[in-house]
Amino acid sequence: MNYWLMKSEPDEFSFADLQRAAQPCRWDGVRNYQARNFLRSMQSGDLFLFYHSSCAEPGIAGVGKIVHEAYPDPTALDPQSPYFSAKASNEKNPWCAVDVSAAHSIARLIPLTELRQLNGLEALALVQKGSRLSVMPVTAEQWHIIAALF
DNA sequence: GCCAACGTTGGC
DNA sequence: GCCAACGTTGGC
């Protein structure tokens with residue numbers, strides 16, 4: 001089983017939204033090749049840290065799990081979608097999505113400022129200067145350091 | 001709202 | 001293939 005971290009703007013889709021959902025939710029709209037490649041590596045059952053970005057309190061809001069591996073992202077083909085991509089066609093869609101559900105809630109949001117202070121997370125792209133990667137792997141070691149705060 | 005840093009585009 | 005210009009991300 002692998003661990004991941006994925007960012008979402010809570011104004012768009014928050015961890016609470018995922019918890020409220022009756023069914024698995026599609027994690028779509030990823031339009032960066034490096035992030036896309038990580039989506040493709042995901043397996044059903046993997047856990048991920050649900051990170052809130054571009055908001056008043058950036059940080060980890062909860063834990064989700066992957067319930068369906070990567071498949072072509074339909075929003076890339078939808079001209080009405082903000083994630084529409086002229087590069088994509090039915091025959092050849094470079095973008096993909098996964099399905100996720102909430103795994104468990106955590107006692108409090110763990111702020112980015114606190115994550116930056118932890119030892120052992122230096123290699124995590126999230127805390128590296130200038131990094132904008134929205135989907136990234138988390139090692140078991142990194143996961144346990146963070147999970148100790150749940 | 002500001003701005004640093006990044007990824008992408010497109011001219012050459 | 002280089003690189004300047006541009007658009008986007010995302011913390012502050």
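Because the structure is predicted, anything quoted here is derived from the model rather than measured.
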Nucleotides 6-12 of chain C: protein proximity per nucleotide (B base, S sugar-phosphate only, - neither; heavy atom, under 4.0 Å): -BBBBSS
Test side chain to side chain contact (heavy atoms under 4.5 Å, CB included) applied to [X] - qualifying residues, sequence neighbours left out:
| X | value |
| --- | --- |
| A:R116 | A:L112, A:V127 |
| A:A35 | A:V30, A:N32, A:L133, A:S134, A:V135 |
| A:E57 | A:L109 |

Tracing side-chain links under 4.5 Å among I, L, V, M, F, W and Y, which residues wind up in one group with A:W95?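 When side chains under 4.5 Å apart are linked, the cluster holding A:W95 also contains A:Y33.
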Under 4.5 Å side-chain heavy-atom separation, chaining through any Ile, Leu, Val, Met, Phe, Trp or Tyr, what else clusters with A:Y83? Say none if it is isolated.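 So far as hydrophobic clustering goes, A:Y83 is joined with none.
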Below 4.0 Å: OP1/OP2 of B:dA4 and any side-chain N or O of A:K129: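 No, A:K129 has no side-chain N/O under 4.0 Å of OP1/OP2 on B:dA4.
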